[in-house]
Amino acid sequence: MEDTPIDETHETPPTNIFIPPSIHHTSTLLGASYTHFSPIPPSLDPSTPCVLGVDEAGRGPVLGPMVYGVFYLPLTCSEPLLKQTHHFDDSKVLTPTVRSRLMEILCTPSTDLHDVCGWAVSSLSARDIGAGMLRPGGANYNLNAQAMDATADLVRGVLARGVNVRELYVDTIGQPAAYQKRLERLFPTLKITVAKKADSLYPCVSAASVCAKVTRDAALEVLYEARAKAGAGDGDRDGEEKEELPTWGSGYPSDARCVTWLKQNMHPVFGWGPECRFSWGTAKDMLELKGGVKVDWPTDEDESTSRVTDFFVANGDREKDADELGAWFGTPAGLEAF
């Protein structure tokens, strides 16, 4: 992953952030990926044509999950409710406080957003992202493929819940045309638009961006608090006061606070916890070049020449004359056996 310039003010999770119901604490702390769907709004009739937007948060950081979000509502409500009333925009443009407030309104019963809008997120954990990208033998599951699969699964989940989605707007991964064709093959009945900067162009994508970003911010907060408590516990057991852990900031490799935290909290063998993407160059270089213990994995020299049938060879003189199938399945028993 290449480092990209970030606005640390807008990317760093705020203090006392609203924790949405999309945070599954156990899965987050275990480093497991998961999906969360909001309830379908009672006022949303199955015959009502809806628009659905898709966007992500946390594609580039070395710490924390990448979260994909979808947001849907009646076609007629998208512009007046999201853009004009609540001023949704690309989550990177909105301040953390504004994003958190919008998400809280969305999750509060009897509000206009809660009554007509639905949403869902897929949280791809740092552990699972790294495991997919580091699969051996050229079978790596790259970030684009993981992102596309998360998008498709979320859209399928909304459709399976009976929402009458007619139009789909997606912030692109790579070339918009190629991505759009793939989605059109998966969802041939939908009118699909894939575009760069869709989170700034289409209100439903802006809202999906906010859902994804607030969920990621809250996940970082949960992970950091668990780390801080573990560090404080270590200090108590040693009979001495433990220094407060430095914040890891936004989690991006270009954030000095993140790099400092990684350096100060790296285990020489195991690296870090489930909050870290070990497939990122920042983490790999730190482990391999800056204090990590080198691990050699021995390989069997005869592995490439062994055959499956070698494990089924029978002993005795008759094996010499047995063909390969005979050695595999055995030879017929004669009358002398009875």
Can you name the nearest heavy-atom pair linking Gly31 to Ser125, along with the distance? O-OG, 2.7 Å
Would Ser209 and Asp171 count as a side chain to side chain contact (heavy atoms under 4.5 Å, CB included) here? Give the steps. CA-CA 9 Å; Ser209 175; Asp171 197 40; over 6 Å; no
Which residues pass the side-chain contact (heavy atoms from CB on, under 4.5 Å) test with Ala283, sequence neighbours left out? Val62, Trp272, Cys276
How long is the straight-line distance from CG of Leu63 back to CH2 of Trp280, given to the nearest 0.5 Å? 11.0 Å
Apply side chain to side chain contact (heavy atoms under 4.5 Å, CB included) to Leu106 and Met103, showing your working. CA-CA 5 Å; Leu106 177 62; Met103 190 69 181; 4.1 Å; yes
Closest non-hydrogen atom pair, Ala120 against Phe37: CB-CD2, 3.3 Å
Are Lys213 and Glu56 side-chain neighbours, meaning at least one heavy-atom pair lies under 4.5 Å? no
Pairwise distance CZ(Arg257) to OG1(Thr247) - rounded to 0.5 angstrom: 6.0 Å
Contact check, side chains of Ser122 and Leu124, non-hydrogen atoms, under 4.5 Å: yes
Candidate pair Tyr141 and Asp149, rule side-chain hydrogen bond (donor to acceptor under 3.5 Å, both in side chains), full reasoning: CA-CA 11 Å; Tyr141 186 25; Asp149 288 345; 2.5 Å; yes
A side-chain contact here means heavy atoms from C-beta on lying under 4.5 Å apart; do Arg127 and Arg277 qualify? no
Do any N or O atoms from the side chain of Thr85 and from the backbone of Leu82 form a donor-acceptor pair under 3.5 angstrom? no
Any side-chain heavy-atom pair of Leu30 and Thr26 under 4.5 Å: yes
Is the backbone of Ala178 close enough, under 3.5 Å, to the side chain of Gln180 for a donor and an acceptor to pair up by distance? no
Any donor and acceptor pair, going by atom type alone, linking the side chain of Asp90 with main-chain N or O of Val93 inside 3.5 Å? no
Begin with the C-alpha distance, continue with both residues' side-chain angles, and end with the deciding distance and a verdict on side chain to side chain contact (heavy atoms under 4.5 Å, CB included) for Cys107 and Phe18. CA-CA 10 Å; Cys107 297; Phe18 170 67; 4.0 Å; yes
In this structure, would Leu168 and Ile40 fall into the same cluster of hydrophobic residues linked by side-chain contacts under 4.5 Å? yes
Could you tell me if the ring centre of Trp119 sits under 6.0 Å from that of Tyr72? no
Heavy atoms, side chains only, cut-off 4.5 Å: are Ile129 and Leu143 in contact? yes
Does Asp255 reach the main-chain N or O of Gly251 with its side chain, forming a donor-acceptor pair under 3.5 Å? no
Any salt bridge linking Lys197 with Asp89? Criterion: basic side-chain nitrogen under 4.0 Å from a carboxylate oxygen. no
Leu44 and Pro74 have their tightest heavy-atom pair at CD1-CG, 3.6 Å
Measure across Met66 and Arg59 and return the closest heavy-atom pair with its distance rounded to 0.1 Å. SD-CA, 3.8 Å
Side-chain (Asn140) to main-chain (Leu134) donor-acceptor, under 3.5 angstrom: no
Here the gap from Asp115 atom CG to Ser43 atom OG, rounded to the nearest 0.5 Å, amounts to 5.5 Å
If you round to the nearest 0.5 Å, how far is CZ of Phe71 from OG of Ser206? 10.0 Å
Does the Thr151 side chain pair with the main chain of Ala147, one donor and one acceptor, at a distance under 3.5 Å? yes
May I ask you to decide whether Arg99 forms a salt bridge with Asp217, counting only side-chain N to carboxylate O separations under 4.0 Å? yes
For Ser123, side-chain contact (heavy atoms from CB on, under 4.5 Å) partners two or more places apart: Tyr34, Pro65, Val67
Short question: side chain of Thr95, backbone of Val98 - any donor-acceptor pair under 3.5 Å? yes
Is a side-chain donor or acceptor of Thr48 paired with a backbone partner of Asp45 at a separation under 3.5 angstrom? yes
So, applying side-chain contact (heavy atoms from CB on, under 4.5 Å) with His36, which one of Pro20, Cys211, Pro21 is it? Pro21
Closest non-hydrogen atom pair, Ser38 against Gly118: OG-CA, 3.6 Å
To the nearest 0.5 Å, atom NZ of Lys284 lies from atom OG of Ser279 at 7.0 Å
Would you check if Tyr179 and Met148 make a side-chain contact, meaning some heavy-atom pair closer than 4.5 Å? yes
Taking Glu104's backbone N and O only, do any of them form a donor-acceptor pair with Thr108's side chain (distance below 3.5 Å, no angle check)? yes
Test your reading of the model: is there a side-chain donor-acceptor pair from His267 to the backbone of Val269, 3.5 Å cut-off? yes
For residues Pro41 and Val116, determine if any side-chain heavy atom of one lies less than 4.5 Å from a side-chain heavy atom of the other. no
Residue pair Trp248, Glu275: steps toward the side chain to side chain contact (heavy atoms under 4.5 Å, CB included) verdict: CA-CA 11 Å; Trp248 57 33; Glu275 71 277 349; 3.7 Å; yes
Tightest non-hydrogen contact, residues Ala198 and Val170, listed as CB-O, 3.6 Å
Exceeds 12 heavy-atom contacts within 6.0 angstrom, atom CD of Glu225: yes
Applying salt bridge (charged side-chain N to carboxylate O under 4.0 Å, His left out) to Lys92 and Asp199, what does each step give before you reach the verdict? CA-CA 9 Å; Lys92 294 183 290 296; Asp199 47 5; 3.4 Å; yes
Hey, are the side chains of Glu167 and Leu52 touching, using non-hydrogen atoms and a 4.5 Å cut-off? no
Checking side-chain contact (heavy atoms from CB on, under 4.5 Å) against Ile23, which of Val214, Val222, Val121 comes through? Val222
Rounded to the nearest 0.5 Å, how far does CD1 of Ile173 lie from CG of Leu183? 8.5 Å
